[in-house]
Amino acid sequence: MSSVVLRSLGDVLPTLGVIVLVVVALELLLYLVLKRMLNYKYSLAYMLVMPAALGLLVLVVYPIVYNIVIAFSDTNLFAGRFPTRPGSVSYGVGEFIDNIKLVFTAPVLKQEYFFPVFGRTMLWTFLQVAVHVTLGMMVAMLLNRPMKLRGFYRTVILFPWAVPQVIAVLAWRGEFNFDYGYFNVILTQMGFDKIPWMSDPFWNYLAVNMTNWWLGVPFMSVVLLGGLQSIDPSYYEAAEIDGGGKWVQFKEITLPLMRPVLTPAVVLGVIWTFNQFNVPFFINQQELETSDILVTALYRAAFEYNRYGFASAFAIIIFLILMAFTLIYMRLSNFQVDVGQSKKRLAQAKTVGE
Amino acid sequence: MSNMNQQVSIHLPTRMDLIKKHGFFRWYFHTARGDSPFKRTLVHIALIVLSFIAAYPVMRILTVSIRPGDRLLSTSLALIPADATWDSYYKVLFERDFFIWLWNSLLITASTSFLGVFIASTAAYSFSRWNFPGRTSGLIFLLATQMIPATMLMVPIYIISSMLGILNTWKGLVVAYSVTSVPFSIWILKGYYDTIPVELEQSAMVDGATRMQAFFRIILPLSAPALAIAFLFNFTQAWNDYLLARIMLQKPELYTWPLGLQSMQRQFQTQWGEFSAGALMVSVPVMILFLVSSKWLISGLTLGSVKG
C-alpha cells in the first residue's frame with residue numbers, strides 16, 4: 001500500500017513541479033522583457049494571463065493543430081503506420097483529400113455512413129434539448145409556486161444532476177438489462193413482452209435518449225427556476241388586473257423575461273448534448289452502430305478501429321458543424337461576449353494607475 | 001442609547017400554531033394564490049411523481065448494493081431487499097483495489113484543481129480589469145473552447161503522449177486536468193470580479209499597496225464564493241473524468257475510480273453488488289457537496305454568460 005502511495009506521489013509531484021518551474025521561468029522572462037525593457041503598460045495584465053494562456057496552448061491549441069497535421073496523414077495502427085515509428089507515416093495533401101473523401105463515401109465504422117450518423121446526431125440533439133427545455137420549464141414553473149415542501153421537492157428533483165455521470169449512466173445501463181432491469185420487470189409484471197433494450201436499434205436509441213432526459217431535465221429546470229425567481233411578481237399582478245389569462249401571461253411576460261437565461265442555456269445545452277459522450281457510449285453496450293452519434297463514432301473510429309488519420313479528418317468536420325451552428329445561433333439571438341456595462345467599468349479601471 | 005438597541009419582538013405564528021388553529025386540512029389547502037384545493041393536490045401529485053422518477057434509479061443502486069450475494073440478480077422491485085447485508089461493501093473495500101483507485105483519483109484531482117483555480121483566478125482578474133490588446137479575442141477563444149468535442153482532442157493527445165512516452169503515467173492527466181476547467185472558471189470569476197467595485201483597489205493603492213497586494217488581499221478574499229464554485233467545478237470535472245483516463249491509463253493499478261468501477265461492469269460476469277456499493281461510496285460525498293452548494297453553483301453558471 002505504501003509503495004502505491006509513494007509511486008503515485010513520485011509521478012504527480014514532479015509533474016506539478018515542472019509545471020510550476022516552467023510558469024515561473026516564463027513569468028520572469030515576461031517581467032524582464034515587458035516591464036523592465038519596454039515598460040509596457042499592460043505588462044502586468046499579460047503576466048497574469050500567461051499561465052492560463054500557456055495551459056490552453058498546450059492542451060487545446062497544440063492538440064488541434066496536431067489534429068490537423070494528423071488529418072494530412074495516413075496514420076493508422078493496422079498498417080503499422082504510427083508517428084513513433086520514424087518514416088512509416090506519410091503526410092500530404094493527397095492523404096488529407098483521401099481522409100475527407102473517406103468520411104463521406106465509406107462507412108464511418110463498419111456499416112454506417114456519415115450522413116445517417118449525422119442525421120441521428122441532429123435528431124438526438126433536437127430531441128434532447130427540446131425536451132430538456134420544455135419539461136425543464138414545466139418543472140421549474142411547478143417549483144416556482146408558493147407552497148409547502150418546495151425545498152424538499154427541489155432537492156429531490158435535483159438529484160440526478162448531483163450523481164457523478166459515469167455512475168448514473170452505468171446504473172441506468174444495468175436497468176436496461178433484459179431479465180433484471182426494472183423496465184422489463186415492470187413490463188412482465190403487467191403482462192407485456194420484455195423489450196430488447198440492448199440489442200434492438202430502435203429500443204437502444206430510445207434507451208440512450210431516456211437516460212439523457214433523466215440526466216438533463218433536472219439541471220435545466222433548476223437553471224430556469226433561477227430565472228423565474230428573478231421575475232418581479234408585480235408583472236403578473238398587473239397582467240391579472242388587465243385580464244390576461246395564464247397563457248397570455250406566460251407568452252407576454254415569462255418568455256420575454258426568461259430570454260437572458262434561456263439563450264445561454266440553449267446554446268450550452270446544444271453544445272453539451274451534441275458532444276455528449278458518456279450516455280451514448282455506455283448505454284450502447286453491444287456497440288450497435290445505429291446508436292452512435294458523431295462523437296462516439298469518432299471515438300470508436302480512433303480507438304477501436306485505430307484509424308487515427310481518418311478520425312482526425314472526421315473530428316475537423318464535426319467541429320466545423322458545431323461552430324457553424326453556434327455562430328448562426330449567436331447571430332440570431334444577439335448573444336454578446338462583452339456588453340456596454342463592462343466597457344464602462346474598464347474605462348473606470350483605467351484610472352487605477354496602470 | 002439602550003432604547004435604540006432594544007428590539008421589538010413580534011410573535012410570528014409558526015407552522016404548528018397555524019395547524020392547531022385551523023386544523024391540518026384547512027391549513028394545508030389554504031393558498032396564497034387562491035388555487036383550488038384540487039389544483040393544489042394535482043401539483044403535489046405531479047411533483048411527487050417527478051421526485052420519484054428522479055430518485056428511484058439512485059435508490060436502486062442502494063438496493064442492489066445491500067442485496068445478499070445469492071440474490072444479486074433479482075426481479076424484485078422492493079427498495080430494501082429481504083435480509084439486507086453489507087457484504088458487498090466489505091468485498092469492494094477489502095478485496096478490491098478500491099482504496100487505490102480512490103487514492104489515485106484524489107491525489108490527481110486535488111492537486112490539479114488547486115492549480116487550475118489559481119491559474120484561472122489571476123487570468124480572470126486580468127480580463128476583468130485591463131483592456132489589453134487581445135482581450136476580446138481571448139474571451140471569444142475561451143467561449144470557443146467549450147465547443148470543441150472532447151473526443152476531438154483525444155487522438156492528438158494520445159499520439160503526443162505516446163511520442164512523449166507518458167502513456168500509463170499520470171503526467172498527462174495532471175497537465176490536462178489542471179487546464180480543462182480553466183476557460184469555464186475564468187468566465188465565472190471574471191463575471192464575479194466585474195461586480196466588485198474598482199474603488200476598493202483604488203483606496204488600497206492610495207494606502208501604498210501594490211496592484212498585486214490589492215488583488216491578493218482584497219479581491220481574492222472577497223471572491224471566495226466564486227472561487228469555491230470554480231474549485232468545485234474543477235474538482236468534479238477531474239474527479240468524474242472517464243474519457244481521458246481511459247485513453248491514458250491501461251494498467252489496472254493506475255486506474256482512477258471511474259475506470260475501476262467500470263472495469264467491474266465490464267467483466268464477463270458483472271459484479272453488480274460490488275459495483276453499486278463502490279458507486280454509492282464514491283458519489284455520496286459528491287452528491288452532498290453538490291446539493292448543499294447547488295444554489296450558488298447555478299447562479300455561478302449563469303453569472304458569466306448572462307452578465308457578460
**Study point:** A/Val69, part contacting chain B, at a heavy-atom distance under 4.5 Å
**Key:** neither

Point to revise | Set of residues satisfying ring pair (Phe, Tyr, Trp, His ring centres under 6.0 Å) with respect to B/Phe52, sequence neighbours excluded | key: B/Tyr56

**Study point:** Toward chain B, the part of A/Tyr40 with a non-hydrogen atom under 4.5 Å
**Key:** side chain

Study note, to complete from the structure: Exactly one candidate in B/Leu115, B/Val179, B/Thr112, B/Ile119 meets side-chain contact (heavy atoms from CB on, under 4.5 Å) with A/Ile19; the answer is B/Leu115

Practice item. Any chance you could measure B/Tyr242, atom OH, to A/Phe281, atom CZ, to the nearest 0.5 Å? Key: 5.5 Å

Exercise for review: Sort out for me which of B/Ala55, B/Pro258, B/Ser162 touches chain A most, counting heavy-atom pairs under 4.5 Å.
Suggested key: B/Ser162

Review point. Are the side chain of B/Asn240 and the backbone of A/Pro164 linked by a donor-acceptor contact shorter than 3.5 Å?
Key: no

Exercise for review: Heavy atoms only, distances under 4.5 angstrom: which of A/Val156, A/Asn275, A/Leu48 has the most pairs with chain B? Name it, please.
Suggested key: A/Leu48

Practice item. Please look at A/Tyr308 and chain B and tell me whether the side chain, the backbone, both or neither of the residue comes under 4.5 angstrom of a heavy atom of that chain. Key: both

Check your understanding: Is the number of heavy atoms from other residues, nucleotides or ligands within 6.0 Å of CE (A/Met138) greater than 12?
Key -> no

Check your understanding: What's the spacing between A/Trp172 CH2 and B/Arg60 CZ if we round to 0.5 Å?
Key -> 11.0 Å

Review point. Out of B/Ile53, B/Thr180, B/Val182, B/Ile166, which one racks up the most heavy-atom pairs below 4.5 Å with chain A?
Key: B/Ile53

Point to revise | Interface residue of largest heavy-atom contact number with chain B, from A/Phe274, A/Trp214, A/Phe277, A/Tyr62, under 4.5 Å | key: A/Trp214

**Study point:** A/Tyr236 OH: over 12 foreign heavy atoms closer than 6.0 Å
**Key:** yes

**Study point:** Under 4.5 Å from a heavy atom of chain A, the part of B/Trp239 involved
**Key:** neither

Practice item. Side chain from CB out, backbone as N, CA, C, O: work out which of these in B/Ile61 comes under 4.5 Å of a heavy atom of chain A, or both, or neither. Key: side chain

Practice item. Walk me through it: do A/Ile157 and B/Leu47 pass the test side-chain contact (heavy atoms from CB on, under 4.5 Å)? Key: CA-CA 9 Å; A/Ile157 289 177; B/Leu47 283 171; 3.9 Å; yes

Check your understanding: Going by distance alone, is a donor N or O of one side chain under 3.5 Å from an acceptor N or O of the other, for A/Ser8 and B/Trp103?
Key -> yes

Revision key, fill the gap. From the list B/Leu243, B/Val175, B/Asn104, the residue making the most non-hydrogen contacts under 4.5 Å with chain A is B/Leu243

**Study point:** Contact winner vs chain B - A/Val295, A/Val166, A/Val217, A/Ile318, heavy-atom pairs under 4.5 Å
**Key:** A/Val295

Check your understanding: Is any side-chain heavy atom of A/Tyr299 closer than 4.5 Å to a side-chain heavy atom of B/Arg246?
Key -> yes

Point to revise | Region of A/Leu225 in contact with chain B, defined by heavy-atom distances below 4.5 Å | key: neither

Study note, to complete from the structure: Under 4.5 Å to a heavy atom of chain B? For A/Phe314 that would be neither

Practice item. To the nearest 0.5 angstrom, please state how far the CG atom of A/Leu16 sits from the CD1 atom of B/Ile108. Key: 10.0 Å

Study note, to complete from the structure: Given A/Leu322, A/Thr75, A/Leu54, A/Leu170, the one with more heavy-atom pairs under 4.5 angstrom with chain B than any other is A/Leu170

Point to revise | A/Met47 and B/Met212: CA distance, side-chain angles, deciding distance, side-chain contact (heavy atoms from CB on, under 4.5 Å) verdict | key: CA-CA 11 Å; A/Met47 284 172 67; B/Met212 279 290 78; over 6 Å; no

Practice item. Heavy-atom distances under 4.5 Å only: say whether B/Ala120 touches chain A with side chain, backbone, both or neither. Key: neither

Review point. Is it the backbone or the side chain of A/Ser312 that comes under 4.5 Å from a heavy atom of chain B, or both, or neither?
Key: side chain

**Study point:** Contacting moiety of A/Leu142, where chain B heavy atoms sit under 4.5 Å
**Key:** both

Study note, to complete from the structure: Okay, B/Pro133 and chain A: the region with an atom under 4.5 Å from a heavy atom over there is both

Practice item. Could you have a look at A/Val61, A/Val139, A/Leu56, A/Asp11 and say which one has the most heavy-atom pairs with chain B under 4.5 angstrom? Key: A/Asp11

Check your understanding: About how many Å separate CE of B/Met287 and CD1 of A/Ile167, when rounded to the nearest 0.5 Å?
Key -> 9.0 Å

Exercise for review: Among B/Ala123, B/Gly134, B/Pro57, B/Ala279, single out the residue with the greatest number of heavy-atom pairs under 4.5 Å to chain A.
Suggested key: B/Pro57

**Study point:** Proximity breakdown for B/Phe132 and chain A, heavy-atom pairs closer than 4.5 Å
**Key:** both

Review point. Roughly how far, to the nearest 0.5 Å, is the CZ atom of B/Phe290 from the CZ atom of A/Phe159?
Key: 13.0 Å

Review point. Considering only heavy atoms, which portion of B/Phe141 lies under 4.5 Å from any heavy atom of chain A: side chain, backbone, both, or neither?
Key: side chain

Point to revise | Which atoms of A/Ala311 approach chain B - backbone, side chain, both or neither, heavy atom under 4.5 Å | key: side chain

For residues 145-161 of chain B, dump all side-chain donor-acceptor pairs below 3.5 Å to protein atoms at least two apart in sequence or in another chain.
from, atom 1, to, atom 2, distance (Å)
B/Thr145, OG1, B/Leu142, O, 2.5
B/Ser161, OG, B/Ile157, O, 2.6

Review point. Using non-hydrogen atoms only, which part of B/Ile288 is less than 4.5 Å away from chain A: side chain, backbone, both, or neither?
Key: neither

Practice item. Start with the C-alpha distance between A/Met50 and B/Thr122, add both sets of side-chain angles, then the distance that settles side-chain contact (heavy atoms from CB on, under 4.5 Å), and finish with yes or no. Key: CA-CA 9 Å; A/Met50 194 279 292; B/Thr122 57; over 6 Å; no

Review point. Could you state the interatomic distance from OG (B/Ser111) to CG (A/Leu9), rounded to the nearest 0.5 Å?
Key: 9.5 Å

Point to revise | Plane angle bin for B/His44 and A/Tyr153 - parallel if under 30°, tilted between 30 and 60°, otherwise perpendicular | key: tilted

Review point. Ignoring hydrogens and geometry, is there a side-chain-to-backbone donor-acceptor pair from A/Thr15 to B/Lys171 under 3.5 Å?
Key: no

Check your understanding: Quick one: what part of B/Leu289 sits under 4.5 Å from any heavy atom of chain A, side chain, backbone, both or neither?
Key -> neither

Study note, to complete from the structure: Ranking A/Val49, A/Val18, A/Val23 by heavy-atom pairs under 4.5 Å to chain B gives rank one to A/Val49

